[in-house]
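So that the names make sense, note that chain A is the first sequence line, chain B the second, and so on, each numbered from 1.
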Amino acid sequence: MATVDKIVAQMPKSLSKVEFSYCPGCHHGIVHRIIAEVIDELGIAEKTLMVAPVGCSVFAYNFFDLDGTVAAHGRAPAVATGMKRALPDRIVFTYQGDGDLASIGTAEIVHAANRGENITTIFINNAVYGMTGGQMAPTTLIGQKTTTSPYGREPKANGYPIRMSEMLSTLEGAVYIERTMVTTPQNVIKTKAAIKKAFQAQIKGLGFSMIEVLSTCPTNWGMTPIEAMKWLEENMTKTFPLGVFVDKTKGMI
Amino acid sequence: MATVDKIVAQMPKSLSKVEFSYCPGCHHGIVHRIIAEVIDELGIAEKTLMVAPVGCSVFAYNFFDLDGTVAAHGRAPAVATGMKRALPDRIVFTYQGDGDLASIGTAEIVHAANRGENITTIFINNAVYGMTGGQMAPTTLIGQKTTTSPYGREPKANGYPIRMSEMLSTLEGAVYIERTMVTTPQNVIKTKAAIKKAFQAQIKGLGFSMIEVLSTCPTNWGMTPIEAMKWLEENMTKTFPLGVFVDKTKGMI
Amino acid sequence: MAKKGYVEINSDRCKGCGLCINACPQHVLRFSDKFNDKGYHYAELYDPDDKCPGCAFCYYMCPDVCITVHRVAEERV
Amino acid sequence: MAKKGYVEINSDRCKGCGLCINACPQHVLRFSDKFNDKGYHYAELYDPDDKCPGCAFCYYMCPDVCITVHRVAEERV
Amino acid sequence: MKMLMKGTEAIAEAAIRAGCRLYFGYPITPQSELTEYMAKRMPEVKGVFLQSESEVATVNMLYGAACTGKRVMTSTSSPGFSLMQEGISYMAGAELPAVFINVMRGGPGLGDIQPSQSDYFQSTKGGGHGDYRMIVLAPHTLQEAANIMGEAFDLAFKYRMLVTILVDGMIGQMMEPVELPEWKNIEELKEPDWALTGAKGRKPRKVTSFDLDPYELEKMNLRYQATYKRVAENEVRYEEFKIEDADIIVVAYGTMARIVKTVADSARKEGIRVGLFRPITLWPFPYERLSKISQNVKHILTVEMSYGQMIEDVKLAVNGKTNVDFYGRSAGVVPTPMEVLEAIKKIAR
Amino acid sequence: MKMLMKGTEAIAEAAIRAGCRLYFGYPITPQSELTEYMAKRMPEVKGVFLQSESEVATVNMLYGAACTGKRVMTSTSSPGFSLMQEGISYMAGAELPAVFINVMRGGPGLGDIQPSQSDYFQSTKGGGHGDYRMIVLAPHTLQEAANIMGEAFDLAFKYRMLVTILVDGMIGQMMEPVELPEWKNIEELKEPDWALTGAKGRKPRKVTSFDLDPYELEKMNLRYQATYKRVAENEVRYEEFKIEDADIIVVAYGTMARIVKTVADSARKEGIRVGLFRPITLWPFPYERLSKISQNVKHILTVEMSYGQMIEDVKLAVNGKTNVDFYGRSAGVVPTPMEVLEAIKKIAR
Amino acid sequence: MIKSIIIAGFGGQGVMLMGKIIAESAMLDGLNVTWLPSYGPEMRGGTANCTVIVGDEPIGSPVVDVPDVVIAMNIPSMIKFEEMLKKDGIMILNSSVIDREPSRKDIKVYKIDANKIADAIGNSKVLNMVTLGAFARVTGLVKLEMIGKALEETFAGKNKKLIDLNLEAVRQGMNSVS
Amino acid sequence: MIKSIIIAGFGGQGVMLMGKIIAESAMLDGLNVTWLPSYGPEMRGGTANCTVIVGDEPIGSPVVDVPDVVIAMNIPSMIKFEEMLKKDGIMILNSSVIDREPSRKDIKVYKIDANKIADAIGNSKVLNMVTLGAFARVTGLVKLEMIGKALEETFAGKNKKLIDLNLEAVRQGMNSVS
Ligand SMILES: Cc1ncc(C[n+]2csc(CCOP(=O)(O)OP(=O)(O)O)c2C)c(N)n1
Ligand SMILES: Cc1ncc(C[n+]2csc(CCOP(=O)(O)OP(=O)(O)O)c2C)c(N)n1
Ligand code: SF4
Ligand code: SF4
Ligand code: SF4
Ligand code: SF4
Ligand code: SF4
Ligand code: SF4
Ligand SMILES: [Mg+2]
Ligand SMILES: [Mg+2]
């Protein structure tokens, strides 16, 4: 008999050692780690290309130990399309915020999904423009105060929180779309399963997959990281219900 | 007793006398006339601003006897938004083709709809880029040959015909969306009722309304006008079923 | 039979698409033999038997707004 | 009781967000009194009673990937 | 009363006072505070603030709002301004008045968010397609920026042209005491005779940059060109700072000019007679005046926060009459007074 | 064997022969035939044709495809090129090689669809933000256009720069007999050492135009500037046509140069010794050579299908040494040989 | 020798193809050629035209101020291009559609009943080839043999019958002015 | 007289506001001022800083090569700005976080236990005001009275208590170096 010390969880290989630039408690970091774990588990690091967005995760291409680039604001799906068309046997994924994907990049994500572009998109919905200092996003909740909705988002003036997963699910080319969150170890595990499935769909060549992760932005919400998670669970999930919106992968993965 | 000769149908007042630039049998003209009739009937000609697109209907602002402009390709909803925000008590409508609205202008139409922008959009879906000579549109049917899908549209390479009415119907700000066609006097009348309702929704300040009209492009389909109508009825309606996709106007108009 | 309706067709504006002819339930429209200035065989009314009731189907379908529809009635003055 | 698990925390990388502390079912994590170079009170393990089983909840929640989780077992060699 | 304000805020408040009640914009560093200020302030003055879905949408919303004859504006920074180029060309072609603020940052591409002057070409030569121009104003203090806003709108409407306020992240981000300009009475602004407002009791109006007949389009273009000529003849603005006795004239604008003022003083302390020629209108560029003063001077030094863009206009003005040297840094690096002084000394030698 | 081909088709086929197997584009007159040709041809050569949802998407697809180190291209016309400006600036900043075709039409705005040369500034000075350049080639016959495609790709990869073929609607639309260039063996093209292809057996690579630290971004910019300098030193191209004995040198490019060749002959018949200086690289502009030949000549006349854009470079080259006159029409109106001759006669008087 | 031809008509009349066949035939005959179309929406409803230049010297400008030949297929085209035509130039008119006379007297006018001839051949679309035949005969700029080759090039992969049909139309056009 | 101050620290330490209050106090005192921030994502995680210039002459460049005063709230800031400081310049350090010494010997160093004093006042956020107080005392560039007015301006519409709290922090900061 001897005492055996086993490491059961540690920084995944597909992450570089560069420290994240995120604020304390920001969920971007959790999702990064999950993606890296999935890539490690699928053994695809050496054939994966990542496309970072403009947003707080603009440095993401440096946080992953993968070939990568950063797209112009909102255009990651177009960049990924270019890559995937050039190298169809590589794995290409985009990582995008809600300003990036749901606002300026609307046309690009809609058409990537509609083309059934064989890429994977990780969509971080934190209901706010994090990087630029907390302006209203298309996903900002009704009544939510931000620096550009200082009196609270009012539908008459600013419209409604846009549900991208629901909208994109109407498109034939989308094969897997799920909305998750990462507020507890349990739903971290669920999110990981979803992201894994999305990558598997791509590996099988099925078409466009997207995982929307509801995330906190403690800094711009003006909350502690823990408060922010509660707020997310209590408020965001009402407007953005979790769930699988399309799954055409049955029996294929 | 005397013989009375009454004119029961003639060119509506809201049309200018300028001859349409459309090809023989092109449905753009029918829809123009319908819109003008609706504007006449609602008595709103003197407070209506029209936004023409870039497409075969690029000259539309000259065909209507209304204040009008032509937007950059795809941007009519943004232009209309600017107008409506500046003059909320005027009636503003856009007239757009499928290349314009469903391709380059995707972000603008999605966000106008999502904001519930109080404007009306007439969307001419002819499954092709008419003006530039018959290239593939996002609404081109599977298998349809165009100058840029010379071997027939193939989903793997070019994606799927995009159903804009269905997609936009997922957005909260859209109050009235219907798809019609104008292949017979009967459905011309139906289309007119739909367009009228859309304008009425705007008059009542309810939000965004859009009527999608399936239309022919005999020239680029390479058919006679009559053949084109048959093709539309037999093929396009399968991919693009007619119907009302949202109606939040009940009891409001 | 008395004339119940008829149409005037702006032959200069007409592009000879035939949608009106196709839609006319009474089959009283046809292409003219002549060309207009644009080079089209324009549509014309040929209604020797006064079959046109002024139903306006042709008007509805005309993409170039060429048609004016008249109805004629005996009315008390 | 014998140690079943423990965690190492990269205190330089830690931003003191507290998500790990919040998630730890055994309440064996706490903020250090000390600042790291970034000026944060970093998280540290305080587990005098060897309660940590190496469940990795803290790892799952750490946004800055600071945590390495160990499990310790008596095994036949 | 002077108030300590950020550049972005001073510009925004001055625009409102100048009668602007319609603002469309999309956040981007280093000008997001301007957007945020408008979000807060417009409802207070019964104006319209709308955050658009993108800069492409912004410029087209501006187009629509400008069609109605109202005073409209937007603000952005370099990448956003690039996205607006098609729309800008459309607005120029449709002769729509509007005011753009470009708070330049380091480029190209995503670059960084530090102050830069590397969008000079884009604004003055036309980043969009076609033969068009816009009036480009380059204030160098916050007070000047605040003062210039009223003028910007007046010029835009007088000539039916676009006006761009070209500043850099430093002017956008810094604070300085500002005396805000007077309020314009917006009731008194009259509706232009081309505005689209619904054809009530008049003939319908059309606003467009379009004519498929090249000869007709040429007529429109000749009209624009005639306007540009009038502007070039009447609206050139510049500042001259200690140039009377100068041996070296430095040409610089905006933040760079501010820094050069400090440098000119230090240089003079070291016995080098340095003056500053500061174009305020970058378009129309003060070719004539610069041509004139360059005759009596040994050296011209252009200093920019770029690798040399305005220098082409400087050379066109000087037209071989004297030496034109260059000093510049770019990518968000702001030359310090010391290094500019070094550059001057090198020439003076 | 010579074939009668449209300009757009000649360019497309030549690009394929030069090894291009990835084309992204969006239809726009007067270049849609190029897009259509690619749609037909790419599947035949096992290449990729993708019609994008917009020009904004196009340029970003190009960015993505270029990241993989392959030969990629797009084509568009003026308004579409304006929409690409942000992406172009990004690609320039990321040092990605790619070839753009801009088949210019009348502007500004929607303008018309007739031939024009009014996007000269946009291409040569940078329509996007930041200090960047692209190589701009202006062929004047279809044969030259076909020949230049291979060179365009070679230059793009040699310098990691964007190359724009700037032609007008006339070159795009006309037909002429063309001898197509040889096929490049694409198997022989080697993968560049910066290409993103998946980090198999090597360190991960990053492609970006981004660094928040201005001093780091400056380093990147200095590298670009060094490249631009090398290009300016080595890659200037121009044609001289009957300039040896010329009293008047006309400077013109593309279609306009073609027309001037006809005019030069007619002028000589009337006893006016006219020569043509035709820049083939608009950037880098042949400043030095033009400076040199302008010394011996009485007049320089710049002729453009614009209201005067290249003339600024001509003046910068001539630098006051002789008169620089201008004749131009724009908005899609192509000057006829007769009117250009008139313009020459006016100067000759 | 450099000769310029403007061919103009209404969108569906096949003027572009006519121009292309002329250019191609001339090229096959060893001449230099350019072909320049008007294009875009102009081609719908309005007039369309193309300019062809053929010559044994290099061709500079593909644009023409004063054409040597104008082929007008409809009235607006005749009106538009009549005034540009060179003194003593040749104007070929499609008299099936053009029921008026050109106003200039210093030009040579040839009339072809192109629609009728085409209809007689059994395909109204070949009116352009009929006119081309007339052009070939009148100007002598292109040879029947080369036209045949050019048609083969153009309709390569298409039905042989189509080529024959078109060639027949050219022949009949030639005869119609002989 | 023109004096320049660089205030640097870690994102949450309130260095921007400190600079703003200094500038505003000086302005209220009739001086010319500029305030120039570093901004953007720099402010998250890394260091943030601002440059304040006050003087009785017009201020040209808001950029400073050689500051007269550096206020460093954390170690990276001290390291970064130490070398720029003018000879005989003043360096004010937040000794609660900075546990080392600056390496230059030709400068005047003042240490403030800002976090501790702030915690004692009962609000850890006011550490910037504590430091500001020390700055005021050490340099004499801004007066307590004007700081009070500047705080009132800045927190206008906010709780009066907040202003008092901040002013108290300033006072204690002043006393801490007396
Ligand atoms: C063309 C352009 N417009 C605007 C910006 C400024 N910008 C940078 S990030 C961003 C929004 C980021 O929000 P989101 O996508 O939600 O990401 P987050 O920071 O919240 O993760 C904006 C507007 C830009 N860089 N480029
Ligand atoms: C930015 C830009 N890109 C491309 C074009 C060219 N263009 C003009 S109309 C058109 C498509 C028209 O198709 P659609 O909207 O379906 O209208 P339709 O002609 O079929 O009625 C295109 C691509 C343009 N004018 N501007
Ligand atoms: S600003 Fe918000 S989204 Fe950005 S890093 Fe900070 S917490 Fe995360
Ligand atoms: S091309 Fe098609 S859509 Fe355009 S006018 Fe002709 S038939 Fe209508
Ligand atoms: S009104 Fe009716 S019946 Fe008369 S012509 Fe028209 S369609 Fe025929
Ligand atoms: S529908 Fe109109 S355009 Fe068509 S043939 Fe009849 S009248 Fe003429
Ligand atoms: S492994 Fe589990 S018990 Fe141990 S410290 Fe982490 S969360 Fe707590
Ligand atoms: S979750 Fe990570 S960063 Fe946050 S306190 Fe724990 S170890 Fe530190
Ligand atoms: Mg966000
Ligand atoms: Mg269409």
Side-chain angles (χ1 to χ4, degrees), chain B residues 21 51-62 69-76 78-79 97-110 128-140 144-160 162 164 220, chain F residues 6 8-9 12 22-61 74-86 103 105-113 169 172-173:
Chain B
S21 51
V51 185
V54 178
C56 281
S57 46
V58 65
F59 299 99
Y61 66 101
N62 274 335
T69 190
V70 45
H73 191 32
R75 318 304 174 190
V79 169
D98 47 347
D100 195 76
L101 182 141
S103 189
I104 191 169
T106 307
E108 286 73 19
I109 197 71
V110 163
V128 88
Y129 285 18
M131 174 174 229
T132 40
Q135 294 82 11
M136 187 184 71
T139 53
T140 293
Q144 189 181 338
K145 285 187 185 172
T146 69
T147 53
T148 52
S149 59
Y151 309 107
R153 183 176 189 164
E154 206 274 301
K156 267 276 162 194
N158 306 318
Y160 300 85
I162 194 166
M164 290 305 286
N220 287 303
Chain F
K6 265 208 163 187
T8 42
E9 293 172 357
L22 286 148
Y23 174 92
F24 302 86
Y26 188 80
I28 182 166
T29 312
Q31 69 76 45
S32 297
E33 292 89 347
L34 207 164
T35 312
E36 292 168 3
Y37 189 90
M38 288 298 197
K40 199 150 182 261
R41 200 74 175 92
M42 276 301 186
E44 293 172 354
V45 295
K46 297 201 177 59
V48 172
F49 164 83
L50 183 59
Q51 181 174 321
S52 66
E53 58 270 30
S54 72
E55 291 86 350
V56 172
T58 303
V59 70
N60 288 289
M61 289 174 178
T74 186
S75 58
T76 187
S77 176
S78 309
F81 203 62
S82 289
L83 279 175
M84 293 183 181
Q85 292 308 319
E86 190 207 23
V103 184
R105 60 189 235 182
L110 187 47
D112 61 22
I113 54 176
Q173 290 294 323

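The stretch residues 74-83 of chain F places F/Leu83 near chain B, each with some heavy atom under 4.5 Å from a heavy atom of that chain. Residues of residues 39-46 of chain F lying within less than 4.5 angstrom of chain B, judged on heavy atoms, are F/Ala39, F/Lys40, F/Pro43, F/Glu44 in numerical order.
The minimum heavy-atom distance linking B/Thr148 with F/Thr35 is given by the pair CG2-CG2, 4.1 Å.
Under the 4.5 Å side-chain criterion, counting only non-hydrogen atoms from C-beta, B/His73 is not in contact with F/Leu110. Side-chain contact between F/Ser32 and B/Tyr129: absent, with no pair of heavy atoms (C-beta onward) separated by less than 4.5 Å.
At least one donor-acceptor pair under 3.5 Å links the side chain of B/Ser103 to the backbone N or O of F/Glu53.
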(request) Go through F/Glu33 and B/Thr147 one step at a time and tell me if the side-chain contact (heavy atoms from CB on, under 4.5 Å) criterion holds. (result) CA-CA 9 Å; F/Glu33 292 89 347; B/Thr147 53; over 6 Å; no
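Only the side chain of F/Tyr26 has a heavy atom closer than 4.5 Å to any heavy atom of chain B. With a 4.5 angstrom heavy-atom cutoff, B/Ala157 touches chain F only via backbone atoms.
One distance of note links CD of F/Glu36 with OG1 of B/Thr146; it measures 8.0 Å at 0.5 Å rounding.
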